[in-house]
Enquirer: 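The structure under discussion is supplied below as structure tokens; questions concerning it will follow.
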Amino acid sequence: MRILIVYSSFHHGNTAKIAQAMADEVKAELAKPGELDVDRVREYDILGFGSGIYFWRHHRAIFKLVEKLPNMRGKRAFIFSTRGAGPISIYHKPLKRELLRKGFKIIGEFSCLGYDTFAYLKLIGGISKGHPDKKDIKKARDFARRLVKSQ
Ligand SMILES: Cc1cc2nc3c(=O)[nH]c(=O)nc-3n(C[C@H](O)[C@H](O)[C@H](O)COP(=O)(O)O)c2cc1C
């Protein structure tokens, strides 16, 4: 099974750690949105899309990529993120909507906390310090393994 994980990670490299752990676990290829040949995306059986959460949604680089994709009718996808705090049901909604619009079938979602020093949070030493930690990485690995096994 060919799996591609596309991610953006700008703030502290939090999402990169999660993407790498998932990729190692299920032998997936990793790519940044800008590196991807959109015409070859259909060659993969499963695609993962992830980033940090910036202003209640995934990074705009992920949205830009999804916008450029051809119709992906029936192609399986999963969504992941790291976030300072707050609810994934709200944070994942915009990307989920765009992926569904492209015809993807969403087969799973994963999120964990990520060290956040945005704006005033820097003054208090940040929040979710130390995340993703070992437990988060293990959960990401377990998620990816179970997801692929269930397909
Ligand atoms: C500009 C900016 C906006 C952010 N907005 C949110 C937000 O709305 N909700 C949240 O939980 N975290 C927010 N965060 C925290 C990041 O989602 C969190 O630190 C994430 O782990 C960053 O991932 P990265 O290191 O892979 O870029 C924000 C961080 C930055 C820099």
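When a ligand or atom number is given, it counts from 1 through the structure's own listing order. When reading the values below, keep in mind they use all heavy atoms of this one structure, side chains included, and skip hydrogens, waters and symmetry mates.
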Enquirer: Considering only non-hydrogen protein atoms, determine which one is nearest to atom 12 (N) of ligand 1 and report residue, atom name and distance to 0.1 Å.
Expert: Gly84 N, 3.1 Å
Enquirer: Just wondering, are more than 12 heavy atoms of other shown residues or ligands nearer than 6.0 Å to CZ in Arg2?
Expert: yes
Enquirer: Can you confirm whether Lys102 is buried at NZ, in the sense that more than 12 heavy atoms of other residues, nucleotides or ligands lie under 6.0 Å from that atom?
Expert: yes
Enquirer: Could you identify the single nearest non-hydrogen protein atom to atom 21 (O) of ligand 1 and state the distance to 0.1 Å?
Expert: Thr82 OG1, 2.6 Å
Enquirer: Below 3.5 angstrom, do we get any N/O pair linking Tyr54 and ligand 1?
Expert: yes
Enquirer: Looking at Phe10, which atoms of ligand 1 are within less than 4.0 Å of one of its heavy atoms?
Expert: 24 (P), 27 (O)
Enquirer: Any atoms of ligand 1 less than 4.0 Å from a non-hydrogen atom of Gly114? List them with their elements.
Expert: 18 (C), 19 (O), 21 (O)
Enquirer: Students should be able to answer this: which protein heavy-atom is nearest to atom 31 (C) of ligand 1, and at what distance?
Expert: His11 ND1, 3.5 Å
Enquirer: Between His12 and Thr117, is there a side-chain donor-acceptor contact under 3.5 Å, judged purely by atom types and distance?
Expert: yes
Enquirer: Considering heavy atoms of the protein only, find what lies nearest to atom 5 (N) of ligand 1 and give residue, atom and distance to 0.1 Å.
Expert: Phe55 N, 3.0 Å
Enquirer: Judged by atom type as modelled, is there a donor-acceptor pair below 3.5 Å linking the side chain of Asp116 to the main-chain atoms of Ile127?
Expert: no
Enquirer: Is ligand 1 under 4.0 Å from a heavy atom in the side chain of Ser9, in the backbone, in both, or in neither?
Expert: both
Enquirer: Taking a cutoff of less than 4.0 Å between a non-hydrogen atom of the residue and any ligand atom, is Tyr91 in contact with ligand 1?
Expert: yes
Enquirer: Starting from atom 25 (O) of ligand 1, find the nearest protein heavy-atom neighbour and note its residue, name and distance.
Expert: His12 N, 2.7 Å
Enquirer: Would you tell me whether Ser81 and Ser111 have side-chain atoms, one donor and one acceptor, within less than 3.5 Å of each other?
Expert: yes
Enquirer: Any atom of ligand 1 sitting under 4.0 Å from a heavy atom of Gly86?
Expert: no
Enquirer: State, to 0.1 Å, how close Gly50 and Ile62 come at their nearest heavy-atom pair, and which atoms those are.
Expert: O-CD1, 3.5 Å
Enquirer: Could you see which bit of Phe118 sits under 4.0 Å from ligand 1, with heavy atoms only: side chain, backbone, both or neither?
Expert: side chain
Enquirer: With side-chain hydrogen bond (donor to acceptor under 3.5 Å, both in side chains) as the test, pick out the partner of Glu25 among Arg141, Lys138, Gln20.
Expert: Arg141
Enquirer: Does the gap between the ring centers of Phe143 and Phe80 come in under 6.0 Å?
Expert: no
Enquirer: Please determine if Ala16 has a nitrogen or oxygen closer than 3.5 Å to a nitrogen or oxygen of ligand 1.
Expert: no
Enquirer: Are the side chain of Thr82 and the backbone N or O of Gly114 linked by a donor-acceptor pair below 3.5 Å?
Expert: no
Enquirer: Below 4.0 angstrom, N of the basic side chain to O of the carboxylate: do Glu67 and Lys64 qualify?
Expert: no
Enquirer: Give the residue, atom name and distance (to 0.1 Å) of the protein heavy atom nearest atom 8 (O) of ligand 1.
Expert: Trp56 N, 2.9 Å
Enquirer: Could you identify the single nearest non-hydrogen protein atom to atom 19 (O) of ligand 1 and state the distance to 0.1 Å?
Expert: Tyr115 O, 2.8 Å
Enquirer: Only one of His58, Lys96, Glu109, Arg83 clears side-chain contact (heavy atoms from CB on, under 4.5 Å) with Tyr91; which?
Expert: Arg83
Enquirer: Hey, looking at atom 4 (C) of ligand 1, which of Ile88, Ile53, Asn14 has the closest heavy atom?
Expert: Ile53
Enquirer: Any idea which atoms of ligand 1 are less than 4.0 Å away from a heavy-atom of Gly13?
Expert: 25 (O)
Enquirer: Which residue supplies the protein heavy atom nearest to atom 11 (O) of ligand 1, what is that atom called, and how far is it?
Expert: Ala85 O, 2.4 Å
